[in-house]
Amino acid sequence: QVQLVESGGGLVQPGGSLRLSCEASGIIFSITDMGWYRQAPGKQRELVAAITSGRITNYTDSAKGRFTISRDNAKNMVYLQMNSLQPDDTAVYYCNARLRVVPAAAPVDYWGKGTLVTVSS
């Protein structure tokens with residue numbers, strides 16, 4: 001069984017930084033895309049940043065220039081470095097991985113349970 005576990009959330013003041021980490025574990029043949037999504041209270045879940053196995057990245061406009069996504073393919077981990085955090089960044093952040101558990105299987109999306117990021121003075 002595949003598990004995604006996030007860590008690194010917490011309370012930070014406006015202008016501060018946090019680094020989120022997510023580890024995928026279990027029976028995994030290969031991981032294609034990995035990403036971070038967030039869901040603020042009363043809002044839909046939205047993509048924050050994504051990265052392919054070849055390390056091509058994609059960011060939502062509000063994250064560009066402030067957040068950096070990276071991954072360690074050998075460790076099945078993805079990271080999100082968040083700088084210049086603002087109250088609007090407050091949300092639960094979810095890790096996503098699109099992966100195959102066996103070579104012949106179609107890739108499937110897996111999700112972590114989320115980590116809360118609160119930006120407040």
Side-chain angles (χ1 to χ4, degrees):
Q1 188 166 353
V2 176
Q3 281 190 318
L4 271 63
V5 179
E6 303 99 335
S7 61
L11 174 65
V12 63
Q13 292 186 341
S17 298
L18 282 176
R19 186 184 192 225
L20 306 183
S21 299
C22 172
E23 180 179 15
S25 62
I27 301 175
I28 299 171
F29 172 72
S30 66
I31 301 177
T32 55
D33 300 336
M34 302 187 82
W36 290 94
Y37 290 70
R38 67 186 179 188
Q39 188 166 17
K43 295 187 177 181
Q44 289 187 331
R45 190 176 297 190
E46 63 172 356
L47 173 68
V48 178
I51 185 168
T52 68
S53 58
R55 295 184 172 82
I56 297 173
T57 59
N58 180 42
Y59 296 92
T60 190
D61 284 346
S62 63
K64 290 178 181 176
R66 298 189 301 131
F67 295 1
T68 302
I69 189 170
S70 60
R71 64 188 282 177
D72 184 330
N73 291 334
K75 296 181 179 179
N76 290 339
M77 295 196 69
V78 63
Y79 308 94
L80 186 67
Q81 177 66 42
M82 303 187 293
N83 299 327
S84 302
L85 284 161
Q86 299 301 319
D88 284 349
D89 296 314
T90 295
V92 177
Y93 283 70
Y94 297 91
C95 174
N96 167 267
R98 180 164 295 175
L99 58 89
R100 291 182 171 87
V101 295
V102 294
V108 175
D109 282 328
Y110 287 84
W111 295 88
K113 294 182 178 180
T115 184
L116 177 62
V117 171
T118 303
V119 185
S120 175
S121 55

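Residues: numbered from 1 along the sequence shown. Remember, it's a predicted structure, so these values are computed and weren't measured experimentally.
- The hydrophobic cluster containing Val108 also contains Val102, counting ILVMFWY residues as joined when their side-chain heavy atoms lie under 4.5 angstrom apart, directly or transitively.
- Partner of Arg100 under the side-chain contact (heavy atoms from CB on, under 4.5 Å) criterion, chosen from Ile31, Ile28, Thr32: Thr32.
- Nearest approach of Asn73 to Ser53, heavy atoms of both residues: ND2-O, 3.3 Å.
- Closest approach of Tyr59 and Thr68 over heavy atoms only: OH-CA, 3.4 Å.
- In this structure, CD on Glu23 lies 9.0 Å from NZ on Lys75, to the nearest 0.5 angstrom.
- With rounding to the nearest 0.5 Å, the separation of OG in Ser62 from CG in Asp88 is 8.5 Å.
- The line from CG of Leu4 to CE of Met77 is 10.0 Å long, rounded to the nearest 0.5 Å.
- Taken to the nearest 0.5 Å, the CD1 atom of Ile51 stands 10.5 Å off from the CG atom of Leu80.
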Step-by-step side-chain contact (heavy atoms from CB on, under 4.5 Å) determination, Val117 to Leu20: CA-CA 9 Å; Val117 171; Leu20 306 183; 4.1 Å; yes
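- In summary, the aromatic rings of Phe67 and Trp36 are positioned with their centroids too far apart to meet the 6.0 Å limit.
- One hydrophobic cluster, built from ILVMFWY side chains closer than 4.5 Å, holds both Val78 and Tyr110.
- Here CE of Met82 is found 9.0 Å from OG of Ser17. Values are rounded to the nearest 0.5 Å.
- In plain terms, the two heavy atoms of Lys113 and Glu6 that are nearest each other are N-OE1, 3.2 Å.
- No hydrogens or angles considered: nothing links the side chains of Arg98 and Asn96 as a donor-acceptor pair under 3.5 Å.
- Side-chain polar atoms of Arg45 and Tyr37 form no donor-acceptor pair below 3.5 angstrom.
- The structure places SG of Cys22 at 11.0 Å from CH2 of Trp111, a figure rounded to the nearest 0.5 Å.
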side-chain contact (heavy atoms from CB on, under 4.5 Å) evaluation trace for Val101 with Val2: CA-CA 8 Å; Val101 295; Val2 176; 3.9 Å; yes
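- For the pair Asp89 and Arg38, the tightest heavy-atom approach, listed with the atom from each and the gap, is OD1-NH1, 3.0 Å.
- For the pair Thr90 and Val119, the tightest heavy-atom approach, listed with the atom from each and the gap, is OG1-N, 2.9 Å.
- Residues Thr115 and Val92 fail the side-chain proximity criterion, which asks for heavy atoms closer than 4.5 Å.
- Criterion: ILVMFWY side-chain heavy atoms under 4.5 Å apart, direct or through other members. Under it, Ile56 and Met34 are not part of a common hydrophobic cluster.
- The shortest side-chain heavy-atom distance between Gln13 and Ser120 does not fall under the 4.5 Å cut-off.
- When every heavy atom of Tyr93 is checked against every heavy atom of Val48, the shortest pair comes out as CE2-CG2, 4.2 Å.
- When side chains are defined from C-beta on, Thr118 does not count as touching Val12, because their heavy atoms never get closer than 4.5 Å.
- Both Tyr94 and Leu116 belong to a single network of hydrophobic side chains, linked directly or stepwise wherever heavy atoms of I, L, V, M, F, W or Y lie under 4.5 Å apart.
- Arg66 places a side-chain heavy atom less than 4.5 Å from the side chain of Gln86.
- Annotation: Glu46, atom CD; neighbour count of heavy atoms from other residues, nucleotides and ligands within 6.0 Å is above 12.
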